[in-house]
Protein chains: 2
Amino acid sequence: MARVYGQHCGLAQALDLVGERWALLIVRELMAGPRRYTDLAAGLVSIPSNVLAARLRELESAGLIARRRLDPPAASTVYELSARGHELEPAVTALARFGMRVLPPAAEGRPFRAHWLVLAIMARFDAAVAAELSESYEFEVPGEALVSLTVVEGRPEVRMGPAVEPAVRIVADAPTLLGMTEGSVDPAQALARGAVIEGDPSALVRLAEILPAP
Amino acid sequence: MARVYGQHCGLAQALDLVGERWALLIVRELMAGPRRYTDLAAGLVSIPSNVLAARLRELESAGLIARRRLDPPAASTVYELSARGHELEPAVTALARFGMRVLPPAAEGRPFRAHWLVLAIMARFDAAVAAELSESYEFEVPGEALVSLTVVEGRPEVRMGPAVEPAVRIVADAPTLLGMTEGSVDPAQALARGAVIEGDPSALVRLAEILPAP
DNA sequence: CCGGATCCTCGGTGATACTG
DNA sequence: CAGTATCACCGAGGATCCGG
């Protein structure tokens, strides 16, 4: 692991910590909440098991993630972002925003996971437009993921799990919902693909405004 | 170069383009302006020549950088960021901001370059504090780099080269100036280390406010 | 079934030398 | 100056196996 730049530069320092292959994708997975080893392997799709184990060790010793044993009866270990690890979120969302601009719309054999919705929503959120808004929204891929966006006085919080009194609820399959957050699928197309959109129509307009095209 | 994630995710897509070793550091170099092959090699400190050539080829075919032949008499080729390459700047500054928080203050054998000041200033700039401000500042490492920060109605522009009518001019050696932009060296310490600070004292206060600690 | 460890192969990286 | 050529090496990829 002597493959570090060792330069006195913020960017080089950041890349010395999370620049290795798979490292930032592990952070992406944990941005959706604590996750077990096996869930991480599934969310990362094609990561070799030994590489995942090595990265988790490195990220833990860098203080970016933490292991925690769940209380019995659910005795299993989960990984989660530390406070310092959460500080990576602005950088991860900025990279994702860039990537979404050049992401091919079609999904030919390209794997996707419903919980990536969390990052997609964070990346598209526009704080300047949200301003003083306070409202919550809920997104569901039946049987796979339930994601909530809660905006409190312009500040967003994206989590796995239900929203309290969502102004809008959108239920669709993963490609449709991801396509909506990426701007390649509009509500009309989503409805044609079997999506269910319920709630306040004016809130749906606001939702589209605070999640502008990347 | 089949080492791509191939996932339908903005972050994975971004890393497929600039996730390989040295790629983002090349972007850092070009954020200080167009640069020749040899200058890139010097700014990246320890990059193998074949790797630099390979990355430049990849970044060019990805549309992130462009080669350009300078007009005679200065007949040489330079590399520069394309429009799409400039779109990486928010992500690079966000990563640098994270890295600056965990960057060890001392520089024991860790190499640095004066033009990294450009990224350091961009990373520390706080748009919320700058608000409606319009003012310019100049930073100089004698014989190595001259950097200007020009704020127009709250929007920053950081360039190599002199500022027009700077409200403040700071002249110091590279470690002192980099330390100031990283928050580890305050003006008093800088003066003790031989720095020259000239201009409007109230503008110096404003400068410290729009470049808060990362 | 979970959470890895182990073994092997292959290709990218690092270091250096060389050339138009 | 702007790369290309060569080679050793180590980390990624892929599969399998193992203890709790």
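Note on naming: letters A, B, ... go to the chains in the order of the sequence lines (proteins, then strands), and numbering restarts at 1 for each one.
Summarising the geometry, the separation between CZ on Arg3(B) and C1' on dC10(D) is reported as 10 Å, rounded to the nearest angstrom. What separates CZ of Arg21(A) from C1' of dG14(D) is a distance of 13 Å, to the nearest Å. A straight line from CG of Leu44(B) to P of dG14(C) spans 11 Å, rounded to a whole angstrom. Computed from coordinates, the Leu52(A) CG to dG11(D) P distance equals 17 Å when rounded to whole Å. Remark: C1' of dG13(D) and OH of Tyr5(B) are 13 Å apart, rounded to the nearest angstrom. Here the C1' atom of nucleotide dT16(C) and the CD1 atom of Ile47(B) are 15 Å apart, to the nearest Å. Distance CD1 (Ile26(B)) to P (dG3(D)): 12 Å, rounded to an integer number of Å. For the pair Leu40(A) CG and dC1(C) C1', the interatomic distance rounds to 16 Å; values are reported in whole Å.
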(Q) Determine whether Ile26(A) and Leu52(A) satisfy the following criterion, side chain to side chain contact (heavy atoms under 4.5 Å, CB included), listing intermediate values before the conclusion. (A) CA-CA 8 Å; Ile26(A) 292 175; Leu52(A) 176 55; 3.8 Å; yes

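Aromatic ring pairs are classed by plane angle as parallel below 30°, tilted from 30° to 60° and perpendicular above 60°; the pair Phe112(A) and His8(B) is perpendicular.
Of the residues Arg67(A), Arg35(A), Arg68(A), the one that meets the side chain to side chain donor-acceptor pair (under 3.5 Å) test with Glu80(A) is Arg68(A).
With values rounded to the nearest 0.5 angstrom, Ile65(B) atom CD1 is found 11.5 Å from Leu88(B) atom CG.
Looking only at atom types and distance, the side chain of Arg36(B) has no donor-acceptor partner in the side chain of Ser76(B) under 3.5 Å away.
Sorted by first and then second residue, the side-chain hydrogen bond (donor to acceptor under 3.5 Å, both in side chains) pairs with a member in residues 86-98 of chain B read Arg101(A)-Glu87(B), His86(B)-Glu89(B); sequence neighbours excluded.
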**Q.** nucleotides 2-9 of chain C: protein proximity per nucleotide (B base, S sugar-phosphate only, - neither; heavy atom, under 4.0 Å)
**A.** SSBBBB--

